[in-house]
Structure formats: C-alpha cells, structure tokens
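Shown next, in structure tokens, is the structure this report addresses.
Atoms within each ligand, like the ligands themselves, are counted from 1 in listed order.
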Amino acid sequence: MGQFIIQGGQRLQGEVTVQGAKNSALPILAATAAVRGTCVIHNCPRLTDVDATLDILRCLHCDARREGETITINTAGICGGAIPDSLMREMRSSIIFLGPLLSALGRAEMSSPGGCEIGQRPIDLHIAAMRAMGVQIQEDGGRLHCHAPEGLRGARIALSFPSVGATENIMIAATTAKGSTTLTNAAREPEIADLAAFLNRCGARIHGAGEGTVLIEGVSALTGTDHTVIPDRIAAATFLTAAAITRGDVLLRRCVPEHMDAMIALLEQGGTRVHRQKDELRLTAYSRPRRLPTVRTMPYPGFPTDAQAAAMVLAAVADGTSLIIENIFENRLKHVAELGRMGAHIRVEGHVAIVDGVAQLTGSQVDACDLRAGAALVLAGLAAQGETTVRHIRHVDRGCQHFEADLAALGAKIRREA
Ligand code: UD1
C-alpha cells in the first residue's frame, strides 16, 4: 500500500531542481505513436503515469527505452490500435492516445475513461471533434471503436470548454489530416505549447498553440526528433507552498516562473517573498501566512486546479478566513475531510471551501485520495505538530518524482514505508 511518515515542524531550507512536467511528458510520449521513426524525449520524470504510458506504447508494438530521464521511442513496428482495459485503467489520461492512433493507423479501440477520484472525466469534446474530422465512433459495452475509413480531414472545431486533453487530441490528429484545422476556445496551458513545439520539430505545422485559436495545416507524415520536456509548474508550486507553510527559504532550480504567475501572486498575497530569476524562483517566509484572496480555479492562465489542494493547506494555516472555489472538477475537495483530521477548520458548500486558518495543525493518520490531494496532505504533515502518516501514496507516485528525497534534502523529516 505504501505510506509516508512525517515528523512536522522543520523549517525547509535549501535548493531543489524541478522535475519535468508530467502533463507535458504524457501527451508528448503518446504523440510519438503518430510519428514515423525514432523520438528521443529528455527530462521525462520517473512516475508511474509515465510508466503506464510506456506500457501502452509497448502494447502497440513500439520500442520504448528509458535511460535516466531520457526516453527513446521507436515506432517502426506500430500496429494493432487496441488498448486493453487493464492499461486504460492504469491511467485516466490514456484517452490522449486517441488522436495519435487515428493519425498513425486510421483506427483506435479503447475503453471510455469513466469516473475517477476527482470527477466524471467525460470525453464528449474529444468524440465530437474526432467525428468532425471524419472518424466513425461506436460505443459498445464501454469500449470505443473508432475508424477513419477515408483518413482524417481538417475541420473547424469550436470547443465549448477549453479542455486540455481535447485540445491535445485535436492538435495531434490534425497534424496529418487532409487540409487545415482551426480550433477555437483551445486550452492555453504551457503543456499545450510544449506538445506543439515537439510536433512542429517532427514536421507538423501548428500555429498559435498556447493561445485561444490554433491553426493546424495537415502534413503527409511526421518524422522523428528529439525534444526536452518543460519543467513541471505544479511540482514547483508544491515546493514553494512547502517553503511558505514551514517559514522556510527554498530555491527552485530549472523552473519557468512565467508559467506560475497565478500561484506566485497567491503566495505573495499570503505574505511570503518570492524572488524571480530567469529559470529560478526563491521563496522566503518568516511568519504565519496571511489570509488568502479568494482562490478560483480556472483554465490557464487562471489559478490551476492541480494546485488547489496545496493552496488549501496554505489557507488552512493562514491567519484569517480564505475562500477556495473549485470550478474545474466536481469532486476535487475530498482532501477537506482529511485536513479536518489534522485540525483544519474547513466547511464545504457545493464547490466552495471556506477555510478558517488555525495557528497549528496536528499530526494524524490521513489517506491520499488522489495525486494532488496526497501531495497536499504531505505538505500539511510538514507544517503539523507531531507525526503524520499519509497512506495510499501510490496516488502521489503518479505525479511526484522522488518527492520524499527532495523534501528530506530540504530538511524535512519524512520517510517511506512499504
Ligand atoms: C488535464 C491535466 C490535469 C488537469 C486538467 C485541468 C493532463 C494529463 N492532465 O486533464 O492534471 O487537472 O487538465 O487543468 O494533462 N471535460 C468535459 N468533456 C470533455 C473533456 C473535459 O466535460 O470531453 C471537462 C472535464 O470533466 C473537466 C474539465 O472539462 O471538468 C477540464 O478537463 P480537461 O481540461 O479535459 O482535463 P484533462 O485533459 O483530463
């Protein structure tokens, strides 16, 4: 099962190098399925979600090897196109293989992701977009059978919500479609721009990725390249929060401060000092955080839903009452009950959490219910008095690379038990 044992109360101090972005690495690795030849992807974090993505590529008869943080994929043998249920269940975001498989093979078969820890995760936007691009889709017993008998064709697609995954699937499928695709109300996350940068190095013609309107001119084929994944802004935000709540002094190396404006603004408004340099951030905190201005999770460049649980820990120990409004996923406040076991005062009304900060959390036994909630409970343990046990840390391992080692190097007392 696995758990972290944390003795709270240590001030975090020192330097940490930020891992490669999970949410860039996953779609880029999936997109290699649409490429003919060999791709070399650097700065891929060691995460169970990355392992699950490689398992899917291998199941499609691609060769995938890791050496350190570099993964080499050779797609020469790609065939099949069906992803078994067992592999789909390993990782919800495996729907990101839909676009690459349709581009490479003209067909794809996979199960619908269904609900997960943080909400329903519908895929209606992905499906509607693929249909607009000429894909026939049938659902049978929870399996999606997708087939593009005349190949993919470019289309005008307007998303009703800027879904990250749908934007990625559309961009990948459109790269080798006949004609041009115009996508409006596209997601603008930095990971979208990173995926487009990778695809363009493979010969794709994508313009405007990272903005609301993306134009993709179809090309006949993509060829292998190398690419370095951008730093993980959510992991970076997690370490900054750890420093803020332990009145610490932490320098983040290899990050992109401009990807983190919303989180940095929040930390500054909470009373910490954040110093930006080119690809570094240093946070210094000397006193208890102040109450936070209302946090509303929004598509990028708004406040990221993936940093909401960490923000809640900051609010839980701040001086005063803060409001946190979760607008992206309907079931993403489960950590509230666990933080309550540690002495946090939080009420939930619908998708709003009203957080009355307390002077001190107390150590307790709590359960990680999803990736970001689990990481936030570890943060809470760092600030709490006494011992905290965070159970079910397999969720944390999906997204945080050697988390306990990095925290321990900053002075935290944390260990993993099997
Ligand atoms: C990605 C991230 C995840 C992050 C999320 C929002 C990856 C691997 N995961 O997930 O960490 O929390 O963006 O920033 O990059 N929706 C629909 N229909 C659809 C697709 C989405 O209604 O067809 C809804 C979802 O239920 C959710 C919202 O849109 O309420 C956002 O989802 P989306 O942006 O697609 O998130 P993911 O790509 O799944």
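Sorted by first and then second residue, the ring-ring contact (aromatic ring centres under 6.0 Å, His included) pairs with a member in residues 162-211 read F198-H227; sequence neighbours excluded.
Looking at P162 next to ligand 1, no N or O pair under 3.5 Å apart turns up. Taking any N or O of K22, backbone or side chain, none lies under 3.5 Å from an N or O belonging to ligand 1. Residue F161 places no N or O, backbone or side chain, under 3.5 Å from any N or O of ligand 1. Between E168 and ligand 1, no pair of N/O atoms sits closer than 3.5 Å. Backbone and side-chain nitrogen or oxygen atoms of A166 are examined, and none is located within less than 3.5 angstrom of a nitrogen or oxygen of ligand 1. On a distance-only criterion, S163 and ligand 1 share at least one N/O pair closer than 3.5 Å. The N/O atoms of L125, backbone and side chain alike, include one that comes under 3.5 Å of an N/O atom in ligand 1. Annotation: N23 places an N or O atom under 3.5 Å from an N or O atom of ligand 1; distance criterion only.
Not close to ligand 1: E191, with no non-hydrogen atom less than 4.0 angstrom away. Using 4.0 Å as the threshold, P122 has a heavy atom nearer than that to some atom of ligand 1.
Closest approach of Q269 and P293 over heavy atoms only: OE1-CG, 3.3 Å. Contact between E189 and R233 at its shortest, heavy atoms only, is CG-NH2, 3.4 Å. Contact detail for L199 and A31: the closest heavy-atom pair is CD2-CB, 4.1 Å.
Atoms of ligand 1 found under 4.0 Å from any heavy atom of R332 (numbered from 1 in listed order, with element): 12 (O). Under a 4.0 Å criterion applied to the non-hydrogen atoms of G165, ligand 1 contributes the atoms 35 (O), 38 (O). The ligand atoms of ligand 1 that sit less than 4.0 angstrom from a heavy atom of I123 are 19 (C), 23 (O). Contact atoms of ligand 1 toward V164: 1 (C), 13 (O), 33 (P), 34 (O), 35 (O), 38 (O) (distance under 4.0 Å to a heavy atom of the residue).
There is a side-chain donor-acceptor pair under 3.5 Å between D85 and S111.
Contacts between T305 and ligand 1 below 4.0 angstrom, taking non-hydrogen atoms only, involve the side chain exclusively. At a heavy-atom cutoff of 4.0 Å, ligand 1 is contacted by no atom of E330, backbone or side chain. Under 4.0 Å from ligand 1, not a single heavy atom of I96 appears.
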Distance-only donor-acceptor pairs under 3.5 Å for side chains of residues 164-173, two or more places apart:
| residue | atom | partner | partner atom | Å |
| --- | --- | --- | --- | --- |
| T167 | OG1 | S163 | O | 2.7 |
| T167 | OG1 | A187 | N | 3.0 |
| N169 | OD1 | G99 | N | 2.8 |
| N169 | ND2 | I95 | O | 3.1 |
| N169 | ND2 | H126 | ND1 | 2.9 |

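No option in I354, L339, L333 other than L339 meets the side-chain contact (heavy atoms from CB on, under 4.5 Å) test with I346. With I73 as reference, L29 is the one residue of V40, L29, T38 to meet the side-chain contact (heavy atoms from CB on, under 4.5 Å) rule.
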Handout entry: D55 and R58: CA distance, side-chain angles, deciding distance, salt bridge (Lys or Arg N to Asp or Glu O under 4.0 Å) verdict
Key = CA-CA 5 Å; D55 285 345; R58 291 187 187 111; 3.4 Å; yes
Practice task
Could you walk me through whether T297 and N327 pass the side chain to side chain donor-acceptor pair (under 3.5 Å) test, one step at a time?
Solution key: CA-CA 5 Å; T297 65; N327 292 312; 4.5 Å; no
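Under the 4.5 Å side-chain criterion, counting only non-hydrogen atoms from C-beta, L407 is not in contact with I6.
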